[in-house]
Amino acid sequence: MSMLGGGYGPQVMRSLRRDSSITKERLTPGTVPRIARYAGPYRKYIAAFLALVVLDAMIVIANPLLLKAIIDEGIMPRRTDVVVMLAGVIAGLAVADAGLSLLQRWFSSRVGEGLIYDLRTEVFDHVQRMPVAFFMRAQTGALVSRLNSDVIGAQRALTSTLSTVVSNVVSLVMVLGAMLILSWQVTLVALVLLPIFVFPARWVGRRMSGLTRDQMVLDAEMSSVMTERFNVAGAMVAKLYGRPEDEASHFAQRAGKVRDLGITVGMYATVFRVALGLVAALATALVYGVGGALVVEGTFEVGTLVALAAMLMRLYGPLTSLSNVHVDVMTALVSFDRVFEVLDLPPMVSESPDARPLPGGPVTIEFDDVRFRYPGAEEVSLASLESVARPDTGPGQEVLKGVSFTAAPGELIALVGHSGAGKTTITSLVSRLYDVTEGAVRINGLDVREATLASLRDTVGVVMQDAHLYHDTIGANLRYARPGASDDDIWEALRAAQIGELIESLPEGLDTVVGDRGYRLSGGEKQRIALARLLLKAPSVVVLDEATAHLDSESEAAVQQALKTALAGRTSLVIAHRLSTIREADTILVVHDGRVVERGGHEKLLAAGGAYAELYRTQFEHQR
């Protein structure tokens, strides 16, 4: 019979496998009071939960004492009534213990799952409000880990860790006190064996914590490899370069290391369990040897010996768990701290407290001496989310250097220039993906920093060069722009985007799943669906960032036809590398090194013989 009965064995094993190096972590000041505030809404549940834990721990000591009574006062004196009565009490306690376990689980789940919900939704909402620069730097896996592993680790502080500490302390105090009362001699003998168990167990635990950490690293590497190779783009690269065999070989090497570590961990766990059984047998033999001699001498009764042996099984488990409790507590606190680290990173782009909706009517866009530099890592991200020791801290170079222009209502402004000139940055400031460093961007006279984000999102619609579609149906992707849109509205937008006929020909129509990032569709089809999404939104301002850059001639012709519908009557900013597509623009802005170096119509700029004429001539000669 295991000395660590009552579920203590697995509990001790988990405790000893914790990474003890975590105790060297430094918590942010105020972490513990902040945890208490999160626990506030659940204080009644926590109090009830701890009361049940204490009652359950009291039953642990009650059963051995009842065994003593049933032997000494029932069996030995041959009193059947006492035996039957005490057996009934033991059965009643068993039923009560089962009920307490169920209630504990309910309260634990109520607190734990409630806390997970609170933290997870708060972190998700906060991360959604972060600027685009944050997502450009942070690793997706690290963010997901904060929402999953760290949030779950945090809730353990108020459920499993708290209950384990309280239960072990109460059980230990009551068991040790009862054993000392029954026989201090046998209790001392039992405690003498404790170091023989604890110190080897701690050594095994330290070894296993290191192996477990290595397992986690290797598992993360394997997950990263699978994520990269199993998405459409990764699988395509492997096939195009003919490397499936090499990929399989490299994966097999990583999987082999995980296998070897698993065998080692399994052997250590087996050694641990065998050692527990051996120490249990030795301790039981010693207790029965010493206690049996005392019974023979008449010092105490048989029931006392049986009770002491039963309590012995409930003594070592709590002692060993509590010897490592600081690691458990610190693990939970560090998880909370990592979650708070994300919540404490303020979004660079946020709504002003006195923000007001953008004025209605035809839209005028004004850039007033706009200067801009991209934020440094310390302004938008965390080193722990980038898998680096510390982020670069140098300020970014100025990307826009005094850009000024005005787009009148219904006017189409085209932005041209070499890659890296600042064209996309200009359009990003209109939709307020970033805030200007100096100057102002105004829509109908209102600085976009003073406008409500909801009105800005309703006013400005954007189609990027790489149209992103979620792994969902065509209908769901379109309704992302207008959740209440009817099927008739959607079909109207699809036809205007020159793709309605194609969607109608699909067996599942709007219920067709587009696949990961829309890879089941061609580039032109994705782009036209993105335009349909824009048309369904019906914004007053349209921003097109090289929407036809990588399309074939047929797809480009269909998209261009759809663009005429999308741009009609709307104030538009269009980035285009193919200069032939923006000949009819009202104004063409030539952007170079963060400045607008030329502006005017197509014919006027060609005649001027400047930067635009050079771009046009170079592109025309290249196309010939």
Side-chain angles (χ1 to χ4, degrees), residues 131-132 348-352 354-375 398-417 421-464 534 537-547 566-576 582 584-602 604-605 611-612:
V132 172
M348 284 194 64
V349 177
S350 58
E351 189 168 281
S352 171
D354 55 352
R356 57 189 188 276
L358 286 169
V363 173
T364 299
I365 301 172
E366 179 188 1
F367 272 62
D368 183 7
D369 195 25
V370 169
R371 294 181 176 273
F372 177 78
R373 67 168 181 82
Y374 282 100
E398 201 170 49
V399 178
L400 298 182
K401 307 167 184 178
V403 172
S404 298
F405 67 88
T406 299
E411 191 174 34
L412 191 159
I413 303 292
L415 303 173
V416 302
K423 305 184 298 297
T424 298
T425 303
I426 290 173
T427 60
S428 296
L429 296 177
V430 175
S431 52
R432 209 187 166 201
L433 295 180
Y434 300 93
D435 278 337
V436 300
T437 305
E438 294 180 33
V441 176
R442 301 185 184 93
I443 294 180
N444 282 353
L446 179 64
D447 192 317
V448 293
R449 290 170 293 186
E450 299 173 5
T452 61
L453 291 176
S455 68
L456 185 61
R457 300 293 177 255
D458 288 340
T459 301
V460 181
V462 181
V463 176
M464 307 297 292
L534 176 81
K537 180 180 178 180
S540 302
V541 175
V542 173
V543 175
L544 302 178
D545 190 347
E546 300 181 36
L567 300 179
R570 295 182 169 98
T571 308
S572 309
L573 294 180
V574 177
I575 297 175
I582 47 92
E584 298 178 4
D586 296 292
T587 303
I588 298 172
L589 302 179
V590 182
V591 184
H592 177 72
D593 192 26
R595 295 182 175 87
V596 176
V597 294
E598 290 183 352
R599 67 184 71 202
H602 171 73
K604 175 184 175 182
L605 291 176
Y612 179 80

Under the side-chain contact (heavy atoms from CB on, under 4.5 Å) rule, what do Ile582 and His602 come out as? Steps first, then yes or no, please. CA-CA 8 Å; Ile582 47 92; His602 171 73; 5.7 Å; no
Ignoring hydrogens and geometry, is there a side-chain-to-backbone donor-acceptor pair from Asp368 to Gly439 under 3.5 Å? no
Nearest heavy-atom contact between Thr406 and Ile413 is O-CD1, 4.3 Å
Partners of Lys604 by salt bridge (Lys or Arg N to Asp or Glu O under 4.0 Å), sequence neighbours excluded? none
Could you tabulate the donor-acceptor pairs under 3.5 Å formed by side-chain atoms of residues 589-600, not counting sequence neighbours?
from   : atom 1 : to     : atom 2 : distance (Å)
Asp593 : OD1    : Lys401 : NZ     : 3.2
Asp593 : OD2    : Lys401 : NZ     : 3.3
Glu598 : OE1    : Tyr612 : N      : 3.1
Glu598 : OE2    : Ala611 : N      : 2.8
Arg599 : NH1    : Ser404 : O      : 3.1
Arg599 : NH2    : Ser404 : O      : 2.9

Are the side chain of Thr437 and the backbone of Arg373 linked by a donor-acceptor contact shorter than 3.5 Å? yes
Smallest separation among heavy atoms of Ile443 and Val430, with atom names: CD1-O, 4.3 Å
Residue list, salt bridge (Lys or Arg N to Asp or Glu O under 4.0 Å) with Asp369, at least two apart or on another chain: none
Partners passing side-chain hydrogen bond (donor to acceptor under 3.5 Å, both in side chains) against Arg356 (at least two apart in sequence or in another chain): none
With Asp447 via salt bridge (Lys or Arg N to Asp or Glu O under 4.0 Å) - residues at least two apart: Arg449
Correct closest heavy-atom pair for Leu429 and Asp435 would be CD2-C, 4.1 Å
Counting N and O atoms only, with roles assigned by atom type, does the side chain of Asn444 sit under 3.5 Å from a partner on the main chain of Pro359, one being a donor and the other an acceptor? yes
Note, Leu358 side chain near Leu456 side chain (heavy atom, < 4.5 Å): yes
Test side-chain hydrogen bond (donor to acceptor under 3.5 Å, both in side chains) applied to Thr452 - qualifying residues, sequence neighbours left out: Ser455
For Thr459, which residues count as a side-chain hydrogen bond (donor to acceptor under 3.5 Å, both in side chains) partner, sequence neighbours excluded? none
Phe405 side chain near Ile426 side chain, heavy-atom distance below 4.5 Å: yes
For the atom pair CE (Met464) and CG (Leu544), what is the distance rounded to the nearest 0.5 Å? 10.5 Å
Who are the ring-ring contact (aromatic ring centres under 6.0 Å, His included) partners of Phe372, not counting sequence neighbours? Tyr374, Tyr434
Under 3.5 Å, which donor-acceptor pairs link side chains of residues 568-575 to any protein atom two or more places apart or in another chain?
from   : atom 1 : to     : atom 2 : distance (Å)
Arg570 : NE     : Pro539 : O      : 2.6
Arg570 : NH1    : Ala566 : O      : 2.9
Thr571 : OG1    : Val363 : O      : 2.6
Thr571 : OG1    : Gly410 : N      : 3.1
Ser572 : OG     : Arg570 : O      : 3.1

In chain order, what residues pass the side-chain contact (heavy atoms from CB on, under 4.5 Å) check against Pro362, with sequence neighbours excluded? Pro409
Spacing of Arg432 atom CZ and Leu453 atom CG [to the nearest 0.5 Å]: 5.5 Å
Looking at Glu351 and Ala355, what are the two nearest heavy atoms and their distance? CG-CB, 3.6 Å
At what distance, to the nearest 0.5 angstrom, does CZ of Arg371 lie from CD of Glu438? 6.0 Å
Residue list, side-chain contact (heavy atoms from CB on, under 4.5 Å) with Glu584, at least two apart or on another chain: none
Got a sec, which residues hit side-chain hydrogen bond (donor to acceptor under 3.5 Å, both in side chains) with Thr424, two or more places apart in sequence or on another chain? Asp545
